[in-house]
Colleague: 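Questions regarding the structure given below will be posed in turn.
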Amino acid sequence: MPELPEVELVKRQLVESLELPQKILKIEFSRFDLRNPMPRNQKHLIQNQVIVALERRAKYILFKLASGDTLVTHLGMTGSWRFAGTNESPQKHDHVVIQLEPRPPSESVINLIYKDPRRFGFFEFCKNNQQSALLKNLGPEPLNSEFSGAYFYAKLKSFKSPIKSLIMNSKIVVGVGNIYASEALFAAKISPFRQPLRMTKQQAEDLVQAIKNTLKQSLLFGGSSIDDYKHVSGKSGEFQNLHQVYNREGLGCKVCERNIKKKTLAGRSTYWCPNCQK
DNA sequence: CTACGAACCTGCCTGC
DNA sequence: TGCAGGCAGGTTCGTA
């Protein structure tokens with residue numbers, strides 16, 4: 001489901017609704033076999049802890065606890081969070097229920113529920129500011145200044161796979177998934193199949209800026225709702241309506257009106273305009 | 001070290 | 001109507 005804009009928006013919406021700090025009364029895992037085994041044996045370490053902050057790193061959402069411990073979560077392809085009263089009936093594929101401490105004036109218990117049909121998401125509990133192994137070896141955040149044309153140009157030399165694979169490689173830059181890779185390449189007028197070695201310094205700079213702009217635009221428009229991505233409130237994003245190439249095979253390019261093409265690259269559907277992108 | 005395909009899993013859509 | 005096949009926003013693993 002989610003790439004950087006969608007994950008960032010989910011994190012922001014959770015922060016808004018949680019009114020941190022917020023105490024976890026109880027956490028229940030109803031199944032244990034997501035991408036990694038659920039931290040069910042650490043349940044007692046999570047309960048009664050206070051959430052003080054939520055952070056995003058790459059596509060991970062980190063629940064920072066007052067003790068210094070962290071609950072690391074990932075939405076996979078189809079993960080979602082929602083708030084629900086205790087009287088609301090559970091849905092199919094609800095796997096985690098976090099019961100939050102009631103607050104005045106309502107005094108009623110609110111559950112924060114994680115649902116994930118395909119179960120590609122995951123949860124990991126990290127003690128005492130220890131960093132999850134999954135967060136090591138990650139490249140820079142695309143919206144940070146560290147991700148610059150100079151940085152990216154220097155990385156191009158050691159890779160032989162096409163440029164699209166490179167911008168989806170989390171060692172190079174995090175958060176760019178299959179939608180935004182195609183969209184950013186279109187914005188930069190660069191073919192997804194281009195060999196990184198054959199890119200100029202200017203093109204590297206253009207692509208970096210295109211990635212930043214595309215992600216920022218998507219954030220402004222509430223992310224891309226293609227299939228089941230929804231806001232925490234259940235609302236859909238709007239950025240899918242602004243996609244230039246993704247999911248537009250056979251439709252006219254919004255710039256030159258020629259047909260958008262689709263081809264599989266490294267196992268992923270890749271959309272581009274052969275006329276605009278060289 | 002990189003590169004590629006397969007694997008994980010459910011649901012939805014298409015075509016026969 | 002049913003059923004098989006293909007495909008989906010992510011990541012890791014095994015094999016070249």
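This one's a predicted model, so the numbers in the text were calculated from it and none came from an experiment. Letters A, B, ... mirror the listed sequences (proteins, then strands); counts begin at 1.
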Colleague: Strictly by modelled atom types, are Ser225(A) and Gln240(A) linked by a side-chain donor-acceptor pair under 3.5 Å?
Modeller: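 There is no such pair (donor and acceptor under 3.5 Å, judged by atom type) between the side chains of Ser225(A) and Gln240(A).
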
Colleague: With distance as the sole criterion, is a donor-acceptor pair present between the side chains of Lys164(A) and Thr270(A) under 3.5 Å?
Modeller: yes

Colleague: Rounded to the nearest Å, what distance is computed from the NZ atom of residue Lys136(A) to the P atom of nucleotide dT11(C)?
Modeller: 18 Å

Colleague: Contact class for Arg31(A) vs. all strands (heavy atom < 4.0 Å): base, sugar-phosphate, or nothing?
Modeller: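 Here Arg31(A) touches no strand at all.
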
Colleague: Would you check if there is a donor-acceptor pair between the side chains of Lys26(A) and Gln47(A) at a distance under 3.5 Å?
Modeller: no

Colleague: For a quick check under 3.5 Å, do Ser224(A) and Tyr180(A) share a side-chain donor-acceptor pair by atom type?
Modeller: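 A pair is found: one side chain offers a donor N or O, the other an acceptor, under 3.5 Å apart.
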
Colleague: Under 4.0 angstrom, heavy atoms only, what part of the nucleic acid is Tyr246(A) near: base, sugar-phosphate, or nothing?
Modeller: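 Sugar-phosphate only.
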
Colleague: Which nucleotide wins on minimum distance to the side chain of Tyr60(A), given the candidates dG11(B), dG10(C), dT12(C)?
Modeller: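 Among the listed nucleotides, the one closest to the side chain of Tyr60(A) is dT12(C).
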
Colleague: Can you tell me whether the side chain of Arg119(A) and the base of dC9(B) have a donor-acceptor pair closer than 3.5 Å?
Modeller: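 Checked by distance alone, the answer is no.
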
Colleague: Select one nucleotide: of dG10(C), dC7(C), dG11(B), the one nearest the side-chain heavy atoms of Asn178(A).
Modeller: dG10(C)

Colleague: Mark yes or no: Arg40(A) above the aromatic ring of Phe29(A), with NZ or CZ under 6.0 Å from the six-membered ring centre and no more than 45 degrees from the axis.
Modeller: no

Colleague: For the side chain of Arg268(A), starting at C-beta, report the closest nucleotide among dT11(C), dG11(B), dC9(B).
Modeller: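 Of dT11(C), dG11(B), dC9(B), dT11(C) is nearest to the side chain of Arg268(A).
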
Colleague: Under the criteria of a ring-centre distance below 5.5 Å and an interplanar angle below 30°, is Phe120(A) stacked with the base of dC9(B)?
Modeller: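 The base of dC9(B) is not stacked with Phe120(A) (the test needs centres under 5.5 Å and planes under 30°).
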
Colleague: Regarding Asn36(A) and Glu124(A), do their side chains bring together a donor and an acceptor under 3.5 Å, going by distance alone?
Modeller: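 Per modelled atom types, Asn36(A) and Glu124(A) side chains form no pair under 3.5 Å.
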
Colleague: Pull out every protein N or O sitting under 3.5 Å from an N or O of nucleotides 2-4 of chain B, one pair per line with the distance.
Modeller:
{"from": "dA3(B)", "atom 1": "OP1", "to": "Lys160(A)", "atom 2": "N", "distance (Å)": "2.5"}
{"from": "dA3(B)", "atom 1": "OP1", "to": "Ser161(A)", "atom 2": "N", "distance (Å)": "2.6"}
{"from": "dA3(B)", "atom 1": "OP2", "to": "Ser161(A)", "atom 2": "OG", "distance (Å)": "3.4"}

Colleague: With Lys212(A), which of Asn144(A), Leu207(A), Leu143(A) fulfils side-chain contact (heavy atoms from CB on, under 4.5 Å)?
Modeller: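 Going through the options one by one, the only one that passes is Leu143(A).
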
Colleague: What is the distance, rounded to the nearest whole Å, between atom CG of Leu134(A) and atom C1' of dT12(C)?
Modeller: 9 Å

Colleague: With no hydrogens and no angle check, do the side chains of Asp206(A) and Gln209(A) hold a donor and an acceptor under 3.5 Å apart?
Modeller: no

Colleague: Has Lys263(A) got its NZ or CZ under 6.0 Å from the middle of the six-membered ring of Phe193(A), at an angle within 45 degrees of the ring axis?
Modeller: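 Yes.
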
Colleague: With a 4.0 Å limit, can you tell me whether His74(A) has a side-chain N or O closer than that to the phosphate oxygens OP1/OP2 of dT11(C)?
Modeller: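 The answer is yes; a side-chain N or O of His74(A) sits under 4.0 Å from OP1 or OP2.
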
Colleague: Starting from P on dT11(C), measure out to CG on Asn137(A) and report it in whole angstrom.
Modeller: 14 Å

Colleague: Between P on dC13(C) and CZ on Phe122(A), what's the gap in Å once rounded to a whole number?
Modeller: 11 Å

Colleague: Nearest-Å distance, CG (Asn36(A)) to P (dT12(C))?
Modeller: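 Spelled out: CG on Asn36(A) to P on dT12(C) is 9 Å.
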
Colleague: Assess, by modelled atom type and distance only, whether the side chains of Tyr60(A) and Thr73(A) contain a donor and an acceptor separated by less than 3.5 Å.
Modeller: no

Colleague: What would the secondary structure line of DNA chain B be in dot-bracket form, counting Watson-Crick and G-U wobble pairs under 3.5 Å, with [ ] for pairs that cross earlier ones and | for pairs with another strand?
Modeller: .|||||||.|||||||

Colleague: Starting from P on dG10(C), measure out to OH on Tyr180(A) and report it in whole angstrom.
Modeller: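 To the nearest whole Å, that distance equals 10 Å.
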
Colleague: Specify the separation, in whole Å, of atom CG of Asp116(A) and atom C1' of dG10(C).
Modeller: 11 Å

Colleague: If only side-chain N and O atoms of His93(A) are considered, is one of them under 4.0 Å from the OP1 or OP2 phosphate oxygen of dC9(B)?
Modeller: no

Colleague: Taking CG from Leu34(A) and C1' from dT10(B), how many angstroms apart are they, rounded to a whole number?
Modeller: 12 Å

Colleague: Checking all strands, does Lys115(A) fall into the base, sugar-phosphate, or nothing category for heavy-atom contacts under 4.0 angstrom?
Modeller: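 It contacts nothing in the nucleic acid.
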
Colleague: Quote, to the nearest angstrom, the P distance that separates dC9(B) from dC3(C).
Modeller: 23 Å

